[in-house]
Student: 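Have a look at the structure that comes next, please.
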Amino acid sequence: KHFQGFCQIFGRLFADNHFDYCLGITALTIPSTVTSIDEQAFDEMENLNTLSVADGNSVYDSREGCNAIIETATNTLVHGGISSVIPASVTKIGNYAFQYRNIRNINLEHVTSIGEYAFFRCHHLDRVVIPDAVTEIKPYAFSGCYSLKSVYLPTTVTTIGESAFAESGIKDYFCFRSLVIPNSVTSIGESITRYVRCKYLQYGTGVTAFSKYILYGASSFNAMTLLSPTKVTTQSNSFTAASSSYTLYVPASLTSAYSPYGGTWNNGTTTALETTFSYTVPASGIGTFCWNQNFTLPAGLEAYICTGYDGSVQTSKLDGIIPGYTGVLLKGTPGETYTITATSSDYTAQWADNILQPVAIAEHLPATQDDYAGVGYTFFIMKGGKFVKIADGSTPSALTPANRAFLPVETSLLPAGSPELTISFGETAGIRTLDHLTSSPSGHSVYDLSGRKLPNSKWSNGQIERGIYIVNGKKVVVR
């Protein structure tokens, strides 16, 4: 759809009953005469793929072919589409910029500010990596993102606004399993995890009070860790309709404060956080692990995240403090027992690209599961130094033990009849920068941050868009 002759586009012009939610519109071109566009002008246009601004517009631009509308004076992306690529010069995402779009992922690397409702009800968005420059997650920014599987919050974030992650993930689909809030966060708005469907929640030392409805309807979580050195205060409606049974992990000095009457706190069975964990390396020399709190590793034991699948599972080595409820591979001397140490310090390991999923409490896992967008996944667990496909649902799988992790891989990426996957160990996670990727570096396949392999024709024809990719287990930035 092309506009001609408009001087102003009024709010909600293409929403509600005007064009029946405009699901059929996939492209918009804004002429040079348009000088004002309301922040909800393209509300509920789920399939809007590309946007462009004609040359000569004094207020807006679509620089570098970004498929988005940029407010020139403020370098703010005010409206985006499914195929938008955020230029390095754009530092702000405006209010409602992507709401309802069917985007699966987007690179926010250079962004310093994300507006309210920016990704509201982006039902297909499956990964959120907040860059270090962002200090606030504004209200409803990622609310209703049903397909979320991974959320990375840097330790620069201090404030999480009302309903920021409310209704994220859907219980009956494959969705994100854990939400780790860093120690740097000291202010959380009401309902931030209302109806959230993840299984494990960790609140850092800076969270000392729960607002109202913070866990309203969050009926799926199995465990919650509170790292605050003082008892977290709640309101009478903080846990309304929340999980009726879960394990609450708190510092040992506070167990009696949380459960003075029978050992529970808001339906949670109170358990003291341990200070160490004894981990015995399997005979293969490699196993999976997760813990209910941040931790450090002893000398001789190495940790890796899984970054994608390329005929083998790609990995990157972790250094520093590893966050709780994060699935990792541990590699050491076969049969040796190591002491893993808990820490209340904030995590420092760069784990944003990880696709391993935690199993903090023993559970039965399905063999396959679709996400909300209809993408099918096959689940693998570690056995004998390889990832082995979980038994089919017709034969109940063995109970996956606590403090382990499983690997979900898009079924479409797997060769037919793949019962097991080998592992390729990479170097310490780092970033390599390329001006433009016209061929696969060193002959390796290229993956996006969700682990999807890009077609060979894309990089051989120079069609790789700017962004961060995984090549041979390492991050590559294409500029």
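Source: prediction; values computed, not measured. Reckoned from all heavy atoms, side chains included, excluding hydrogens, waters and symmetry mates. In this chain, numbering begins with 1 at the start of the sequence shown.
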Student: Indicate yes or no: at least one non-hydrogen side-chain atom of Tyr96 is less than 4.5 angstrom from one of Val78.
Tutor: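 Sidechains of Val78 and Tyr96: no contact.
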Student: Of the non-hydrogen atoms in Ile322 and Ala303, which two are nearest, and what is the gap between them?
Tutor: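 Looking at all heavy atoms of both residues, the shortest contact is CD1-CB, 3.6 Å.
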Student: Looking at Phe239, I'd like to know if its CZ atom is crowded, meaning that more than 12 non-hydrogen atoms belonging to other residues, nucleotides or ligands lie closer than 6.0 Å.
Tutor: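 Correct, the count exceeds 12.
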Student: Sub-3.5 Å donor-acceptor pair from the side chain of Asp370 to the main-chain atoms of Gly374, do we have one?
Tutor: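 Absent.
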Student: Might you point out which heavy atoms bring Ile361 and Ala223 nearest each other, and give the distance in Å?
Tutor: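 Distance-wise, the nearest heavy atoms are CD1-CB, 3.8 Å.
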Student: Using the ring of each side chain (for Trp, its six-membered ring), is His123 parallel, tilted or perpendicular to Tyr100, with breaks at 30° and 60°?
Tutor: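 Perpendicular.
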Student: Please enumerate all residues that pass salt bridge (charged side-chain N to carboxylate O under 4.0 Å, His left out) together with Arg177, with sequence neighbours excluded.
Tutor: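 With neighbours one apart ignored, the set is Glu363.
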Student: Tell me, do Ile355 and Thr307 make a side-chain contact under 4.5 Å, heavy atoms counted?
Tutor: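 Side chain of Ile355 against side chain of Thr307, heavy atoms only: no contact under 4.5 Å found.
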Student: In Å, rounded to the nearest 0.5 Å, how long is the span from NZ of Lys231 to OG of Ser256?
Tutor: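 These two atoms lie 9.5 Å from each other.
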Student: Name the residue from Lys383, Lys389, Lys386 that meets the side chain to side chain donor-acceptor pair (under 3.5 Å) definition with Glu420.
Tutor: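 Result: among Lys383, Lys389, Lys386, Lys386 is the only option passing the side chain to side chain donor-acceptor pair (under 3.5 Å) with Glu420.
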Student: Going through the distances and angles, do Ile214 and Ser191 end up as a side-chain contact (heavy atoms from CB on, under 4.5 Å)?
Tutor: CA-CA 4 Å; Ile214 188 171; Ser191 304; over 6 Å; no
Student: Ring centroids only, cut at 6.0 angstrom: are Phe174 and Tyr372 within range, meaning strictly under it?
Tutor: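 No: the rings miss the under 6.0 Å criterion.
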Student: Tell me, do Lys149 and Arg127 make a side-chain contact under 4.5 Å, heavy atoms counted?
Tutor: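 They are not in side-chain contact.
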Student: Look only at the side chain of Thr255 and the backbone of Ala252, and say whether a donor-acceptor pair between them is shorter than 3.5 Å.
Tutor: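 Yes, Thr255 side chain to Ala252 backbone: donor-acceptor pair under 3.5 Å.
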Student: Is the side chain of Arg101 donor-acceptor paired with the backbone N or O of Gly80 at a distance under 3.5 Å, no angle test?
Tutor: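 Side chain of Arg101 to backbone of Gly80, a donor-acceptor pair under 3.5 Å: yes, one is there.
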Student: How long is the straight-line distance from CG of Leu179 back to OG of Ser168, given to the nearest 0.5 Å?
Tutor: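 These two atoms lie 9.0 Å from each other.
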Student: When you check the side-chain N and O atoms of Tyr246 and Thr269, is any donor under 3.5 Å from an acceptor?
Tutor: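 Tyr246 vs Thr269: no donor-acceptor pair found between side chains.
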Student: Write down the atom of Asp126, the atom of Asn105, and the distance for their closest heavy-atom approach.
Tutor: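 Heavy atoms of Asp126 and Asn105 come nearest at OD1-CB, 4.3 Å.
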Student: Taking atom CD of Glu274 as the centre, does the number of heavy atoms from other residues, nucleotides or ligands within less than 6.0 Å exceed 12?
Tutor: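 No - once you tally the heavy atoms of other residues, nucleotides and ligands closer than 6.0 Å, there are 12 at most.
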Student: Flag the pair Ile181 / Val157 as yes when at least one side-chain heavy-atom distance between them is below 4.5 Å, and no otherwise.
Tutor: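 No - every pair of side-chain heavy atoms lies 4.5 Å or more apart.
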Student: To the nearest 0.5 Å, what is the distance between CG (Leu414) and CG (Leu421)?
Tutor: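 The CG atom of Leu414 sits 6.0 Å away from the CG atom of Leu421.
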Student: Measure the spacing between OG of Ser316 and CG of Asp353 and express it to the nearest 0.5 Å.
Tutor: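 These two atoms lie 7.0 Å from each other.
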Student: Tell me if a side-chain donor or acceptor on Ser220 pairs with a main-chain N or O of Arg197 at a distance below 3.5 Å.
Tutor: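 No.
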Student: Please identify each residue that fulfils ring-ring contact (aromatic ring centres under 6.0 Å, His included) with Tyr279, with sequence neighbours left out.
Tutor: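 Tyr279 satisfies ring-ring contact (aromatic ring centres under 6.0 Å, His included) with Phe289 only.
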Student: To the nearest 0.5 Å, what is the distance between OH on Tyr203 and CD1 on Ile160?
Tutor: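 The CD1 atom of Ile160 is 8.5 Å from OH of Tyr203, to the nearest 0.5 Å.
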Student: I'd like to know if the side chain of Asn47 reaches the main chain of Asn102, judged simply by a donor and an acceptor atom lying under 3.5 Å from each other, with no hydrogens or angles considered.
Tutor: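 Not a single qualifying donor-acceptor pair exists.
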Student: With side chain to side chain donor-acceptor pair (under 3.5 Å) as the criterion, how do Asp319 and Gln350 come out once you've worked through the C-alpha distance, each side chain's angles and the decisive distance to 0.1 Å?
Tutor: CA-CA 8 Å; Asp319 285 328; Gln350 297 300 309; over 6 Å; no
Student: Taking the side chain as everything from C-beta on, heavy atoms only, tell me whether His79 gets closer than 4.5 Å to Leu48.
Tutor: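 They are not in side-chain contact.
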Student: Would you find a donor on one side and an acceptor on the other, under 3.5 Å apart, between the side chain of Ser228 and the backbone of Leu226?
Tutor: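 Not at all, since once roles are kept as given, no pair shorter than 3.5 Å links the two residues.
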Student: Examine the side chains of Gln314 and Ser312 and answer whether a donor and an acceptor come within less than 3.5 Å of each other.
Tutor: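 The criterion, which ignores hydrogens and geometry beyond distance, is satisfied for Ser312 and Gln314.
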Student: Check whether any side-chain heavy atom of Pro131 lies under 4.5 Å from a side-chain heavy atom of Glu109, and answer yes or no.
Tutor: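 In short, these two side chains do not touch, never coming nearer than 4.5 Å.
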Student: For Val359 and Pro401, work out which heavy atoms get closest and say how close.
Tutor: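 Where Val359 meets Pro401 most closely, the heavy atoms are CG1-O, 3.6 Å.
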Student: Please determine which of Thr276, Leu301, Leu297 meets the side-chain contact (heavy atoms from CB on, under 4.5 Å) test together with Thr339.
Tutor: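 The option that passes is Thr276.
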Student: Run Ser178 and Leu201 through side-chain contact (heavy atoms from CB on, under 4.5 Å) and show every step you take.
Tutor: CA-CA 6 Å; Ser178 62; Leu201 299 165; over 6 Å; no
Student: Considering non-hydrogen atoms only, spot the tightest contact between Gly384 and Ser284 and give its length.
Tutor: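 Looks like C-CB, 3.6 Å.
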Student: Regarding Thr337 and Thr280, do their side chains bring together a donor and an acceptor under 3.5 Å, going by distance alone?
Tutor: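 Side-chain D/A pair, Thr337 to Thr280: present.
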Student: What heavy-atom pair brings Pro323 and Thr326 nearest, and what distance separates the two atoms?
Tutor: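 It is CG-OG1, 3.2 Å.
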Student: If we ignore angles and hydrogens, is there a donor and acceptor under 3.5 Å between the side chains of Thr378 and Thr411?
Tutor: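 Distance-only check passes for Thr378 and Thr411.
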Student: For Asp132, which residues count as a side chain to side chain donor-acceptor pair (under 3.5 Å) partner, sequence neighbours excluded?
Tutor: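 So Asp132 forms no side chain to side chain donor-acceptor pair (under 3.5 Å) with any residue.
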Student: Donor-acceptor check, side chain of Lys138 to backbone of Gly115, threshold 3.5 angstrom: yes or no?
Tutor: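 It does not hold such a pair.
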Student: If we only count heavy atoms from C-beta on, is the Ile390 to Phe380 side-chain gap below 4.5 Å?
Tutor: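 Not touching, per the 4.5 Å side-chain cut-off.
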Student: Taking side-chain contact (heavy atoms from CB on, under 4.5 Å) as the test, write out the residues that go with Ser187, two or more places apart.
Tutor: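 Applying side-chain contact (heavy atoms from CB on, under 4.5 Å) to Ser187 gives Thr159.
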Student: With side-chain contact (heavy atoms from CB on, under 4.5 Å) as the test, would you mind laying out the steps for Leu330 and Thr288 before giving the verdict?
Tutor: CA-CA 6 Å; Leu330 293 184; Thr288 62; over 6 Å; no
Student: Is any side-chain heavy atom of Tyr347 closer than 4.5 Å to a side-chain heavy atom of Thr155?
Tutor: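 Tyr347 vs Thr155: side chains touch.
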Student: Can you name the ring-ring contact (aromatic ring centres under 6.0 Å, His included) partners of Phe119, sequence neighbours left out?
Tutor: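 ring-ring contact (aromatic ring centres under 6.0 Å, His included) list for Phe119, sorted by chain: Phe98, Phe142.
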Student: Is the backbone N or O of Cys290 less than 3.5 Å from a side-chain atom of Asn403, with the two atoms forming a donor-acceptor pair by type?
Tutor: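 Flag set: sc Asn403 to bb Cys290 pair under 3.5 Å.
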Student: Under a 3.5 Å distance rule, please check whether Thr225 uses its side chain to pair with a backbone N or O of Gln202 as donor and acceptor.
Tutor: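 Flag not set: sc Thr225 to bb Gln202 has no pair under 3.5 Å.
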Student: Using modelled atom types and a 3.5 Å cut-off, is there a donor and acceptor pairing between side-chain atoms of Asn294 and backbone atoms of Ser345?
Tutor: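 Yes, Asn294 side chain to Ser345 backbone: donor-acceptor pair under 3.5 Å.
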Student: Quickly, which of Leu77, Thr112, Val111 forms a side-chain contact (heavy atoms from CB on, under 4.5 Å) with Val90? Name it, please.
Tutor: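 Passing option: Leu77.
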Student: Would Thr343 and Thr341 satisfy side-chain contact (heavy atoms from CB on, under 4.5 Å), going step by step from the backbone distance to the final call?
Tutor: CA-CA 7 Å; Thr343 176; Thr341 304; over 6 Å; no
Student: Taking the six-membered ring for Trp and the full ring for Phe, Tyr or His, determine whether the centres of Tyr304 and Phe425 are under 6.0 Å apart.
Tutor: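 Yes; Phe425 has its ring centre under 6.0 Å from that of Tyr304.
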Student: According to side-chain contact (heavy atoms from CB on, under 4.5 Å), who are the partners of Ala283, at least two apart in sequence or on a separate chain?
Tutor: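 For Ala283, no residue satisfies side-chain contact (heavy atoms from CB on, under 4.5 Å) once neighbours in sequence are set aside.
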Student: Is it the case that Gln40 and Asn95 place a side-chain donor and acceptor less than 3.5 Å from each other?
Tutor: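 Side chains of Gln40 and Asn95: no pair found under 3.5 Å.
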Student: To the nearest 0.5 Å, what is the distance between CG on Leu153 and CD1 on Ile130?
Tutor: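 Between Leu153 CG and Ile130 CD1, I get 6.5 Å after rounding to 0.5 Å.
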